[in-house]
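The figures here come from the full heavy-atom set of this structure, side chains too, leaving out hydrogens, waters and symmetry mates.
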Amino acid sequence: MTAAVLKDPRRYFEAVQTRATEASAPPVCLYLEVTNRCNLLCETCPRTFETLEPPADMGWELFTSIVDQVPDVARVVLHGVGEPMLVRSLPRMIRYLKDRGVYVLFNTNGTLLSPKKHQAMIDTGLDELRVSLDAADAKSFLAVRGKNFFERIVRNVREFTRFQQTIGATSPRVSLWLTGLKETIDQLPAFVRLAASTGVREVHLQRLVYDESGYGLARPESSLFEAVRADESRAIADATALARELGVELDASGATEPGLSLKRQDAAQPWSACRRPWSLMYFTAHGRALPCCMAPFSARGYDSYTLGDATQQTLREIWNGPAYREFRSSLLSDTPPRPCAGCGLRWSL
């Protein structure tokens, strides 16, 4: 696959032409939750409010076993509900993947991106480093993220991009991410300006995904998706104009422009455009197979949508096993699986 395809997730999702109960080809993308531990208490994350699985890092043997079973995997995302930079073996994992020609990225909260890690992170060959900052000032950051690390993260990011410039490193691509909440969307223009001041040229508006019952800020009242007010639309428009002026690329999760990412799908089955169960596999730190990275945020508990166990089954057995086939069949019907029911309706595909 070309670099353009690997950068834009829509491109390889759309490459899946046939959607049937049984997948006709292996996954092209893996999401590997290298840890479910975290050093923040985010108000939009399920792990802040419930224990999804016992705290753990993905072991090296499990990691290599999963990767080695998909020799043609094109893209690997090394995050889930934890903070990847807590994992000591993270650089080794990245190098293992890069040695196979895989496009590698992960999201981080940026708290551990200290100067002593800069060269090591660059040396891994990592393609993208996505920093989830979620606010343009310390007060808002504390409300969303639960701890007062705003200044540290901004300093870490600024020092990292400066270090890259000093040594002439063009990778990883660094981006800042803001979860689109009614409480923070007005900060988007300031967020773009902050990104430019730290040397970051890429900003993403991350759509909020939430469970029906809601927890913390991950609740319907905070969502922009179903009803965007005029002032919120103006904030997006102002941020877009400012980004253009400052030379910052502004888009949204799913590689769409921010305004489009917040629009509802008009189809009778809004979830029906999804290609994830035919293109990717997601594994928790314990090896549990889940349908996608949004599932933990869109339905409580893992038991009702666990599709396999990589510690007990081969990936081939999981990928076209009974649970996966039933999941795909349900997704193609009028009664989708619970984690999928809101996709395209309450949040964007």
Side-chain angles (χ1 to χ4, degrees), residues 27 30-59 62 66 77-84 86 107 132 144 146 179 181 206-223 225 253 270-271 274 276-277 280-313 315 317-319 321-349:
L30 294 174
Y31 276 70
L32 303 180
E33 183 184 81
V34 293
T35 186
N36 59 22
R37 299 182 298 121
C38 193
N39 57 349
L40 292 182
L41 297 169
C42 299
E43 288 289 318
T44 56
C45 182
R47 71 170 305 283
T48 300
F49 302 93
E50 61 178 326
T51 300
L52 299 168
E53 288 186 318
D57 296 346
M58 181 175 283
L62 177 58
I66 293 173
V77 181
L78 296 176
H79 63 243
V81 297
E83 168 49 49
L86 287 169
N107 283 17
S132 298
V144 176
T179 299
L181 303 170
Q206 172 69 53
R207 53 186 169 252
L208 175 69
V209 181
Y210 54 89
D211 176 70
E212 185 66 32
S213 55
Y215 51 80
L217 290 175
R219 61 183 189 271
E221 308 91 85
S222 292
S223 175
F225 193 64
S253 49
W271 59 85
C274 183
R276 290 176 176 86
L280 67 82
M281 298 184 83
Y282 178 113
F283 291 96
T284 71
H286 289 271
R288 185 191 297 255
L290 304 180
C292 73
C293 64
M294 289 191 285
F297 296 83
S298 56
R300 296 294 180 93
Y302 287 166
D303 291 342
S304 63
Y305 54 92
T306 293
L307 303 178
D309 183 346
T311 68
Q312 305 296 321
Q313 302 164 276
L315 266 61
E317 290 170 339
I318 297 172
W319 187 232
Y324 242 111
R325 293 200 308 270
E326 182 179 349
F327 188 90
R328 294 188 186 107
S329 177
S330 180
L331 185 64
L332 295 171
S333 75
D334 293 330
T335 54
R338 185 181 173 196
C340 308
C343 253
L345 180 67
R346 296 187 178 91
W347 48 84
S348 177
L349 290 167

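- Here the options are Thr311, Leu307, Thr306, the test is side chain to side chain contact (heavy atoms under 4.5 Å, CB included), and the partner is Arg288; only Thr306 passes.
- The only member of Pro291, Pro339, Pro337, Cys343 that meets side chain to side chain contact (heavy atoms under 4.5 Å, CB included) when paired with Leu331 is Pro337.
- Between Leu62 and Ala285 the shortest heavy-atom distance is CD2-O, 3.7 Å.
- Between Cys292 and Pro296, the shortest heavy-atom contact is O-CD, 3.7 Å.
- Using a 4.5 Å heavy-atom threshold, the side chains of Val81 and Glu33 count as touching.
- With values rounded to the nearest 0.5 angstrom, Ile318 atom CD1 is found 6.5 Å from Asp309 atom CG.
- Proximity of a side-chain donor or acceptor of Arg47 to a complementary backbone N or O of Asn36 within less than 3.5 Å is detected.
- Using a 4.5 Å cut-off on side-chain heavy atoms (C-beta onward), Leu332 and Trp271 make no contact.
- The minimum heavy-atom distance linking Ala289 with Phe283 is given by the pair CB-CE2, 3.7 Å.
- For the atom pair SG of Cys340 and CZ of Phe327, the computed distance is 3.5 Å after rounding to the nearest 0.5 Å.
- Distance check, rounded to the nearest 0.5 Å: CG of Asp57 to CG of Leu86 gives 7.5 Å.
- Side chain of His286 to main chain of Pro54: a donor-acceptor pair is present (N/O by atom type, distance under 3.5 Å, no hydrogens or angles).
- Judged by distance alone, with hydrogens and angles left aside, the side-chain atoms of Glu83 form no donor-acceptor pair with the main-chain N or O of Arg37 at under 3.5 Å.
- Formation of a donor-acceptor pair under 3.5 Å by the Glu317 side chain with backbone atoms of Gln313 is not found in this model.
- Geometric assessment of Arg328 against the ring of Trp319 yields a positive cation-pi assignment under the 6.0 Å and 45° thresholds.
- You'll find the side chain of Leu315 reaches within 4.5 Å of the side chain of Ile66, heavy atoms only.
- Within the 3.5 Å criterion, the main-chain N or O of Met294 finds a donor-acceptor partner in the side chain of Ser298.
- At least one donor-acceptor pair under 3.5 Å links the side chain of Ser333 to the backbone N or O of Ser330.
- Between Cys38 atom SG and His79 atom NE2 the span is 12.5 Å, to the nearest 0.5 Å.
- Remark: side-chain polar atoms of Ser222 are not paired, donor with acceptor, to backbone N or O of Leu181 under 3.5 angstrom.
- A distance of 12.5 Å separates CZ of Phe297 from CZ of Arg207, quoted to the nearest 0.5 Å.
- Between Tyr282 and Tyr31, the angle of the ring planes stays under 30°, which puts this pair in the parallel group of the 30/60° scheme.
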